[in-house]
Amino acid sequence: MAAVLDTQYETELQQAQEALVSLVRNGDLDRIVHLARLLGAAGDSMSDEMVGRLAGVASDGLDLLDRVNRSELKDALPAISALVHNGDLDRIVHLARMMGAAGDSLSDEMVGRLAEVASDGLDLLDRVNRSGLKDALPAISALVHNGDLDRIVHLARMMGAAGDSLNDEMVGRLAGLATDALCLLDRATRTGVMDRLLNIAEQLDQQHILTDFLQCLEGAAAEASKAPPPKGGIAGLWEIMKQPETQQTIQFLMLVGKHFRSCQLKH
C-alpha cells in the first residue's frame with residue numbers, strides 16, 4: 001500500500017514539476033507573481049469599508065448574473081446586438097428621452113385632455129368598425145379621385161347658403177309650391193295624363209318634330225332679321241300669296257286646324 005502511494009505521489013510530483021517548468025518557460029509564472037503582488041498591495045490598501053462595498057458589488061453582480069441566466073436574457077442578445085449595430089437602440093433611447101420630457105412638461109389638465117381625446121378617438125374607431133364604414137372607403141376614394149366629393153361639398157355649401165338666405169315666408173311659399181307640384185304629379189299619374197304625355201314626347205322625338213320646329217324658328221328669326229321690310233298694301237300681300245311656300249304653309253295650318261277640330265269633336 002505504501003509503495004502504491006509513493007508511486008502515486010511521485011507521478012503527481014512529476015506532473016507538477018512539468019507544469020511548473022511550462023509556466024516558467026512561457027512566462028505565466030512571472031505574471032502570476034505580479035498578479036499576486038498586485039492583489040496583495042490592493043488588499044493592504046483597502047479599508048474595511050472598501051472591502052464591504054466591493055463585497056456588496058460582487059454580491060449584486062452575482063445576483064444580476066443569476067437573474068440573467070434564469071430569465072434567459074442570453075436569447076435576446078442577438079436582437080440587442082442588431083439594435084446596437086444599426087443604430088435603433090440610440091433611436092429608442094432618444095425616443096424614450098423625448099417621451100419622458102413630454103411627460104414631465106404635461107400638467108394634470110393636459111393629461112386629462114389627452115386622455116379624453118384618446119377615449120373619444122377609440123370610441124370613434126369602435127363606431128366606424130361597427131357601422132361597416134370600411135366598406136364605403138372604396139366609394140369615398142373614388143369620389144375623392146374624380147373630384148365628385150369637392151362638387152358635393154360645394155353643392156352642400158350652396159344649399160346651406162340658400163337655406164340661410166330664406167326667410168319664413170319664402171320657405172312657406174316653396175313648401176306650398178312643392179306640395180302643389182306633388183299633387184299635380186299624382187293627379188297626372190292617376191288619370192293617365194303622364195303616360196299620354198310621355199307617349200307624345202316619344203313620338204315627337206322619333207319624328208324629330210320638336211327639333212325641326214326649333215330649327216324652323218331659328219331659321220325664320222335669322223331670315224326675318226335680314227329680309228327687307230314689307231311694302232304693305234294689297235299688292236304686297238298679293239306678291240306674298242302668289243309664292244308656293246306661302247300657299248303650302250297656309251295649307252299645312254288648315255290641316256292642323258282640321259285635325260284639331262276633329263279631336264275636339266270626339267270629346
Side-chain angles (χ1 to χ4, degrees), residues 53 56-190 194-195 197-198:
R53 289 203 301 270
V57 171
S59 177
D60 294 338
L62 293 175
D63 181 66
L64 177 61
L65 182 60
D66 178 66
R67 291 182 181 180
V68 169
N69 290 329
R70 285 189 288 107
S71 63
E72 297 181 355
L73 187 60
K74 60 182 180 180
D75 298 333
L77 290 178
I80 297 175
S81 299
L83 290 175
V84 174
H85 179 70
N86 55 25
D88 289 337
L89 187 61
D90 294 334
R91 298 185 186 95
I92 293 172
V93 172
H94 289 301
L95 181 61
R97 289 177 180 173
M98 183 180 67
M99 296 299 293
D104 295 336
S105 63
L106 291 175
S107 61
D108 295 337
E109 182 181 359
M110 295 171 67
V111 171
R113 288 203 303 270
L114 288 176
E116 185 177 357
V117 169
S119 176
D120 294 339
L122 292 175
D123 181 66
L124 178 61
L125 183 61
D126 179 67
R127 291 182 181 180
V128 168
N129 290 328
R130 285 189 288 106
S131 62
L133 186 60
K134 59 182 181 180
D135 298 333
L137 291 179
I140 296 175
S141 300
L143 290 175
V144 174
H145 180 70
N146 55 26
D148 288 338
L149 187 61
D150 294 333
R151 298 186 186 95
I152 292 172
V153 171
H154 289 303
L155 181 61
R157 290 177 179 173
M158 183 179 66
M159 296 299 292
D164 295 336
S165 63
L166 293 175
N167 53 25
D168 296 338
E169 183 181 358
M170 295 171 66
V171 171
R173 288 202 304 270
L174 288 176
L177 180 61
T179 303
D180 295 339
L182 291 175
C183 292
L184 179 61
L185 181 61
D186 179 67
R187 291 179 182 178
T189 304
R190 284 188 291 104
M194 185 61 67
D195 296 334
L197 289 176
L198 292 176

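The model shown is predicted, which means the values in this text are computed figures rather than measured ones.
At distances below 3.5 Å, at least one donor-acceptor pair connects side-chain atoms of S131 with backbone N or O atoms of R127. Looking only at distances, a side-chain donor or acceptor of N129 sits under 3.5 Å from a matching main-chain atom of L125.
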Do any side-chain atoms of residues 88-98 form donor-acceptor pairs under 3.5 angstrom with protein atoms, and if so which ones, sequence neighbours left out?
{"residue": "D88", "atom": "OD1", "partner": "R91", "partner atom": "NH1", "Å": "2.5"}
{"residue": "D88", "atom": "OD2", "partner": "N86", "partner atom": "ND2", "Å": "3.3"}
{"residue": "R91", "atom": "NH1", "partner": "N86", "partner atom": "O", "Å": "3.3"}
{"residue": "R91", "atom": "NH1", "partner": "G87", "partner atom": "O", "Å": "3.4"}

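Residues passing the side chain to side chain contact (heavy atoms under 4.5 Å, CB included) test with L185 are T189, M194, sequence neighbours excluded. Under the side chain to side chain donor-acceptor pair (under 3.5 Å) criterion, D60 pairs with no residue at all, not counting sequence neighbours.
The CD atom of E116 lies 11.5 Å from the CG atom of D123; values are rounded to the nearest 0.5 Å. For the atom pair L177 CG and M170 CE, the distance stands at 12.0 Å (nearest 0.5 Å).
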